[in-house]
Amino acid sequence: MRHYVRQMLLLGLIVSLFVGECNIASAQGVAAKTNVKTVGENTEDMPAQTAAPTLEPTEQPVVTPAPTRRPFVTPAPTVRPEKYELTNKGAKYYAGGQKGIRYHKVKGKKVYHIVSYTTDTVRLSMSHKSAFSVYGGGSKKEVSKKFVTVSSSGTVKCRRRGRGEKVYTVVQAKSIVTGELQYIYIYFKKKLTCTSGKKLKLYEKHSAGLKFDYSWKDLKFTVGNTKKAKISKKGKVSGVRRGVTYITAKVRDSEKNQVKIKVEVREEPWIVNKKDRVYNYQDMTNDLYQLRRKYAGKMAVFSIGKSWDGRNIWCLRIGNPNASKRLVIDAAIHAREWKNSQVVMKQAEEILRDYSSYRTRFRNACVYIIPMANPDGVTLAQYGYRAIRSKKLQKKCKKIGHFSIWKNNARGVNLNYNFPSGFSKKRKAKKPDHNSYPGKKRCSEKETKALMKFINQVHPHTVLNIHSTGSVIYWDFNVGGSLHQKLYNLAAKLRSYNHYRMMPKGPSTNAAGGFGDWLVYGKGIPSITVETGTVRCPLPHSQFSSIYKRNNEMFTWFMTRY
């Protein structure tokens, strides 16, 4: 019984202690929640409270913190890399078509195709970061010798740039992101070559064609100095002024496929020498041959007959002989007027030098030039009787004399008195001489017959006779109507260029057996005589420059625009 009572007392003590601890904890919780005044405030009106027992630090309760609540985060979607491809502009993507690849040709899959030039760099642009390598080529040897190289950044260069050489390669691109492979086939076209050479020499106002191993439509040209030379779209280079310049020919869609051609423009040497003080028959003949060689296809040279001493009466033809408009220029029918032969030969060469400017004109017109109608007489006037080859003629000429002012042919006949219209022996020499003998009868001379035969064959539209001296124009023949008007119009036009005096009607235009007389009166062909020079014949060489300068535009107009 006592044992039971002790157990009950012990149990009660334990319960009371437990209840006390619970009250203390409860009181502390209420104090924390209640707005209690701090020390120093008025506490007189506050009811007395039983002080809570002080607890030792070791006796404070352990408070377990509430679990922290983490926010819900939606997982990011899986990012797939973009399609692995070549992004170069102009690249084509298809299977096959790998011309020239005989080593590691890609089969069974599509390949990118790029066309470039051996001179150019190809920069590959892939959609992923990539590693590059040369995969295939024309042969295993080409690949091993690195005809083509590719850098880590995808820059492809061709190391073979020989003339006409083409190179083929296949580059492998591997994606560092996905490990995928792509293949790029590159065809390097040949380097541009000027097959006509890298240097061109030509004369002013002349043209020459350049030749290339690419078609004209693939090329574009630039000229360093257009004041020296010009070039057409088809590579025709024209010299403008003396000097040196460079022409660059470039393949249109290429970066560096180009070639430079050095062009040297020179002053063209003249065949007819204006410094030649004595322009003789042989000089003229040699010049005609040289002109024919140089301007083949643009002119012709032929003889209309022979003189008594066997010399050819040469004719130079420029233009279409079948054209409806045919013009004739003749000179030196009088021996001592041989300076005019040099003048008209020089003028003919000038027209030929600039032939390209008159090409259309000469399709529709033809100009005949007889620079020395009396070759025997010119030879006599320049060198005397010993220059005549025939002993019989030589003897006759020696007897006559006066060679420095000789006017007639080798038989002592004035050819300009020997034509049918107005032929007469009145008031003229009765026997052969150096000046005025008209001949035994009309048309008695070989030179006269040759000129008449030529005119009858050609049927010219107009004839221009060049004589000396006086700087005048004879035009006013005793004719009327349209022929007279044509003569006046032509004379006035010629005068507008050379400013020579137009002579009124007089003895010089009366029918007196002259070549011009026969043309106008006998044939009804407009014919005008232009007298050059300002001093007595034979004209000194000092007269050449002024005659040429004063009549240059006149001759050019007559030959190219009349």
Side-chain angles (χ1 to χ4, degrees), residues 202-209 230 232 234 236-240 268 270-272 287-288 290-302 304 314-331 340-371 454-455 457-466 473 475 482 485-498 500 519 525-530 532 547-562:
L202 71 163
Y203 296 125
E204 294 171 327
K205 297 183 179 181
H206 280 246
S207 300
K230 294 181 180 180
S232 72
K234 292 189 176 181
K236 184 179 180 181
V237 183
S238 300
V240 178
E268 183 180 7
W270 287 85
I271 291 174
V272 180
D287 288 349
L288 287 169
Q290 289 186 59
L291 289 171
R292 183 170 62 182
R293 282 195 299 270
K294 184 175 181 179
Y295 299 104
K298 299 175 183 177
M299 60 159 287
V301 175
F302 58 93
I304 66 169
W314 294 115
C315 180
L316 184 157
R317 187 192 76 219
I318 305 174
N320 179 9
N322 298 317
S324 58
K325 175 163 280 190
R326 293 177 291 277
L327 307 173
V328 173
I329 300 173
D330 70 276
N340 287 327
S341 299
Q342 191 175 14
V343 170
V344 298
M345 283 290 291
K346 183 81 167 177
Q347 185 64 53
E349 183 179 5
E350 183 171 315
I351 295 297
L352 289 167
R353 284 171 67 142
D354 205 19
Y355 186 88
S356 59
S357 302
Y358 312 122
R359 194 178 300 276
T360 302
R361 159 71 173 189
F362 289 126
R363 287 197 199 104
N364 304 303
C366 187
V367 177
Y368 296 90
I369 300 173
I370 303 170
F454 169 73
I455 293 298
Q457 289 175 338
V458 170
H459 302 291
H461 179 272
T462 305
V463 177
L464 196 60
N465 307 299
I466 310 301
I473 299 172
W475 67 276
S482 62
Q485 190 63 45
K486 287 178 182 178
L487 290 167
Y488 173 79
N489 292 342
L490 177 57
K493 190 68 176 179
L494 299 182
R495 183 183 183 280
S496 70
Y497 289 110
N498 61 19
Y500 285 2
L519 289 167
I525 297 172
S527 176
I528 286 180
T529 297
V530 176
T532 67
I547 292 172
Y548 190 80
K549 183 177 180 180
R550 198 163 177 181
N551 289 279
N552 175 256
E553 289 187 24
M554 181 270 288
F555 279 122
T556 302
W557 171 82
F558 183 74
M559 288 195 272
T560 64
R561 297 196 297 280
Y562 173 62

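Any value given below was found using the heavy atoms of this structure, including those in side chains, with hydrogens, waters and symmetry copies removed.
- A donor-acceptor pair under 3.5 Å links the side-chain atoms of Ser496 to the main chain of Lys493, judged by distance alone.
- Leu327 CG to Phe558 CZ: the interatomic distance, rounded to the nearest 0.5 Å, is 4.5 Å.
- Remark: Tyr358 engages no residue in a ring-ring contact (aromatic ring centres under 6.0 Å, His included) (not counting sequence neighbours).
- Nearest heavy atom pair, residue Asn465 against residue Val463, reads OD1-CG1, 3.6 Å.
- Within the 3.5 Å criterion, the main-chain N or O of Gly319 finds no donor-acceptor partner in the side chain of Arg361.
- Put simply, the side chain of Lys346 does not reach to within 4.5 Å of the side chain of Glu350, judged on heavy atoms.
- Between the side chain of Gln290 and the backbone N or O of Ile271, no donor-acceptor pair lies under 3.5 Å.
- A distance of 9.5 Å separates CH2 in Trp475 from CG in Asn489, rounded to the nearest 0.5 Å.
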N/O donor to acceptor pairs below 3.5 angstrom from side-chain atoms of residues 292-300, sequence neighbours left out:
{"unit_1": "Lys294", "atom_1": "NZ", "unit_2": "Glu268", "atom_2": "OE2", "d": "2.0"}
{"unit_1": "Tyr295", "atom_1": "OH", "unit_2": "Glu268", "atom_2": "OE2", "d": "3.2"}

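- The shortest distance between side-chain heavy atoms of Ile473 and Asn498 falls below 4.5 Å.
- Distance alone, capped at 3.5 Å, is enough to place a donor-acceptor pair between the Asn364 side chain and the Thr360 backbone.
- Shortest non-hydrogen contact noted between Ala208 and Leu202 is N-CD1, 4.2 Å.
- With contacts defined as side-chain heavy-atom distances shorter than 4.5 Å, the pair Gln342/Tyr548 does not qualify.
- A parallel orientation is assigned to the rings of Tyr355 and Phe362, their planes being inclined by less than 30° (bins at 30° and 60°).
- Ala331 and Ser341 make their closest contact through CB-N, 4.4 Å (heavy atoms, listed as atom of the first residue, atom of the second, distance).
- By the 30° and 60° cut-offs, the orientation of the rings of Tyr368 relative to Phe454 is perpendicular.
- Enclosure of atom NZ in Lys325 by more than 12 non-hydrogen atoms of other residues, nucleotides or ligands within 6.0 angstrom is indicated.
- Side-chain contact between Ile455 and Ile525 is present, with heavy atoms from C-beta onward closer than 4.5 Å.
- In summary, the side chains of Asn551 and Gln347 do not present any donor paired with an acceptor at a separation below 3.5 Å, with no hydrogens or angles considered.
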| Hey, mind stepping through Val343 and Ile466 against side-chain contact (heavy atoms from CB on, under 4.5 Å) and telling me if it holds? | CA-CA 10 Å; Val343 170; Ile466 310 301; over 6 Å; no
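- Atom CG of residue Leu316 and atom CG of residue Leu352 lie 6.5 Å apart, to the nearest 0.5 angstrom.
- Closest approach of Pro526 and Leu487 over heavy atoms only: CA-CD2, 3.8 Å.
- To the nearest 0.5 Å, atoms CZ (Arg363) and CG (Asn320) are separated by 10.0 Å.
- Here the closest non-hydrogen pair linking Lys236 and Ser207 is CE-CB, 3.5 Å.
- Taking the side chain as every heavy atom from C-beta outward, Arg317 and Val458 never approach each other to under 4.5 Å.
- Remark: Cys315 SG to Asp330 CG distance equals 10.0 Å, nearest 0.5 Å.
- Scored by the side chain to side chain donor-acceptor pair (under 3.5 Å) test, Arg561 finds Tyr497 as partners (sequence neighbours excluded).
- Taking the side chain as every heavy atom from C-beta outward, Met345 and Leu291 approach each other to under 4.5 Å.
- Closest approach of Ala323 to Cys366, counting heavy atoms only: CB-N, 4.3 Å.
- With rounding to the nearest 0.5 Å, the separation of CD1 in Ile370 from CD1 in Ile304 is 4.0 Å.
- In this structure the side chain of Ile528 reaches within 4.5 angstrom of the side chain of Leu494, judged on heavy atoms.
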